[in-house]
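Just below is one structure, and these are the notes that go with it.
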Amino acid sequence: MNLTSDQSIVEFRQEVRQFIADNLPVEVAQRGLRAYHEEKADVILWMQILEKKGWSAINWPVEYGGTGWGAAKQLVFEEECMRAGAPQKPIVGLSLVAPVIYTYGSSEQKQMHLPKIKNAESWWGQCFSEPNAGSDLASLKTSAEFDGSNYIINGHKIWTTLGQFADWLFLLAVTDKTVKPQTGISFFLVKADSPGITMRPIYSIEKGYTLNEFFFEDVVVPASGLVGELGKGWSYAKFLLENERSWSAEIPRNKALLKRLIEVASQSIDDQPPLLDSYSFKEKICDLSARLNALEYMTLRAMSEHEASAGESISAWEAGSILHVKGSEMQQEIGALTLEALGSYGAVYFPKYTTKPEGGYPQGPELAHGVAADYLYRRATTIYGGSNEIQRNIIANAMLGKF
């Protein structure tokens, strides 16, 4: 699969690029290119534009309103959106819970949730991790007890990304404590404003607010909130995480970050020659570019295998975990080099602005805006989605276990 020599893919890229140029508002693109966290209003606006085109749920099956695009087209679309500064779509709903719902959910759940996810009318939060069960989901303590009519949920969840915007939550809870952990966990859909739910914000190191923790105290969830079969939550979670990690190399984001690095390194900072004139620095960029190309083809391979298996995991090489490790570390590496290329401005924290402030932005090149904040935020890339230490254990068990 070649994204540059396949003429149909080249033409498709041009179609996407032209659509974005014609439809993405300039002010929204400018905010996106500064790499700060997305504004909800920007995301909704962009999703409505995509929905009219039929491109809001590119990874869904056609029967549920998806595009039917293969892996290459999906990757090209996301790459062009990222390149142009389009807001990131609400992937927690679109790419995480939606596939679980249309694969394992009831007809009522599909009818109720999928249309609203597709047009961004409803937003979702993922409640998997707990204070003492981050990457080790088998250690969950949150419980869901059936009282004959409803499930009563009690527990504490943490690291819920964009939970402050969520209308619904999907969570894992223990429904049977008498069996081994992996067979006693179930998957639930819960209204975020249900009585007994308390949300507390978590501010990250770059002063941003995307994370939350949730407390559940005798939260009543109707039986219709259970997804699929009781006790199958572990299997559904693995299915969800494999979908997530197929994209976890974040090729479009890494390409956009590398493009910004080259732009910064091409400028004269602090009256010094551009770092791109330095042979040693240029060598680092060439090395990154080569490894990113390899990672892109690895991602395409994983996505193609996933398509061929009709959603079942067939890979013996633990694609998701490998992509997660390499893609997350690359984001951090590119961020560090971008700070280096900014010279003294790499140490400046530029506050986030939704509009240009009166009197202009703080002193410094405009390309510096958002770099430090993004670098600090992406220190977490090797932790979220399953820490890289855990991913390396998964890789070792899968690939070396037979020895």
Side-chain angles (χ1 to χ4, degrees), residues 1-3 9 58-59 69-83 88-89 91-92 94-100 126 128-129 134-137 159 161 237-259 287-336 374 377-401:
M1 188 183 297
N2 193 315
L3 301 186
I9 295 298
I58 64 170
N59 58 312
W69 293 346
K73 284 190 174 182
Q74 290 183 46
L75 198 59
V76 164
F77 176 81
E78 297 293 356
E79 183 181 321
E80 289 301 316
C81 287
M82 187 71 69
R83 183 194 65 82
Q88 182 171 317
K89 295 180 294 182
I91 61 171
V92 177
L94 277 172
S95 300
L96 300 187
V97 74
V100 174
Q126 176 178 307
F128 279 10
S129 296
S135 297
D136 181 15
L137 293 180
W159 311 127
T161 302
K238 288 198 299 181
F239 168 83
L240 180 153
L241 291 171
E242 185 60 32
N243 280 333
E244 178 186 22
R245 289 170 185 158
S246 292
W247 284 92
S248 60
E250 294 219 48
I251 299 301
R253 184 178 302 280
N254 271 311
K255 283 190 173 183
L257 291 174
L258 182 59
K259 178 176 179 288
D287 176 65
L288 273 171
S289 181
R291 286 189 282 127
L292 182 53
N293 285 338
L295 193 57
E296 179 177 28
Y297 281 99
M298 192 182 295
T299 297
L300 287 167
R301 172 187 168 187
M303 294 173 68
S304 298
E305 288 180 356
H306 188 73
E307 286 177 1
S309 67
E312 298 177 7
S313 180
I314 62 170
S315 176
W317 56 288
E318 290 302 329
S321 294
I322 294 172
L323 294 173
H324 183 284
V325 170
K326 304 308 293 183
S328 61
E329 291 178 350
M330 184 167 288
Q331 288 179 65
Q332 294 178 350
E333 195 173 347
I334 295 173
D374 190 61
Y377 175 71
R378 301 206 179 276
R379 304 314 298 161
T381 60
T382 50
I383 301 173
Y384 61 59
S387 71
N388 281 12
E389 290 80 5
I390 294 293
Q391 301 308 322
R392 285 187 166 90
N393 283 339
I394 292 173
I395 296 166
N397 287 335
M399 302 184 75
L400 302 177

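The model shown is predicted, which means the values in this text are computed figures rather than measured ones.
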Rounded to the nearest 0.5 angstrom, the CD1-CG distance for I251 and L300 is 8.0 Å
Is the distance between the ring centroids of W69 and F77 under 6.0 Å?
-> yes
Find out whether S289 and L258 are in side-chain contact, i.e. whether some heavy atom of one side chain is under 4.5 Å from a heavy atom of the other.
-> yes
Is the count of non-hydrogen atoms from other residues, nucleotides or ligands lying under 6.0 Å from K89 atom NZ greater than 12?
-> yes
Is the shortest distance from a Lys or Arg side-chain nitrogen in E78 or R253 to a carboxylate oxygen in the other one below 4.0 Å?
-> no
Side chain to side chain, F128 and L240, heavy atoms closer than 4.5 Å | yes
Have T381 and Q332 got a donor and an acceptor in their side chains that come within less than 3.5 Å?
-> yes
Residue pair S129 / W159: nearest heavy atoms and the distance that separates them | CB-CD1, 4.1 Å
Kindly compute the distance separating CG (L288) from CG (L295), expressed to the nearest 0.5 Å.
-> 11.0 Å
Any Lys/Arg nitrogen of R291 or E333 sitting under 4.0 Å from an Asp/Glu carboxylate oxygen of the other?
-> yes
Interatomic spacing from CD in E250 to CG in L292 - rounded to 0.5 Å | 12.0 Å
Please report the C-alpha distance between I334 and N254 in whole Å, then the side-chain angles of each, then the deciding distance to 0.1 Å, and finally whether the side chain to side chain contact (heavy atoms under 4.5 Å, CB included) criterion is met.
-> CA-CA 8 Å; I334 295 173; N254 271 311; 3.7 Å; yes
Has the side chain of H324 got a donor or acceptor atom that lies under 3.5 Å from a matching backbone atom of Y384?
-> yes
Please assess R83 against E80 for the test salt bridge (Lys or Arg N to Asp or Glu O under 4.0 Å), listing each intermediate value before the final yes or no.
-> CA-CA 5 Å; R83 183 194 65 82; E80 289 301 316; 3.0 Å; yes
Does L75 reach the side chain of P252, with side-chain heavy atoms less than 4.5 Å apart?
-> yes
Pair E329 + R379, salt bridge at N-O below 4.0 Å | no
I394 side, atom CD1; N388 side, atom CG - distance, nearest 0.5 Å | 10.5 Å
Test item: V100 and L96 side chains (from C-beta on) under 4.5 Å apart, heavy atoms | no
For S95, does its backbone N or O pair with a side-chain atom of N59 as donor and acceptor, under 3.5 Å?
-> no
Check the pair D374, L257 against side chain to side chain contact (heavy atoms under 4.5 Å, CB included), reporting the backbone distance first and the verdict last.
-> CA-CA 10 Å; D374 190 61; L257 291 174; 3.6 Å; yes
Distance-only side-chain donor-acceptor flag, Q126 / T161, under 3.5 Å | no
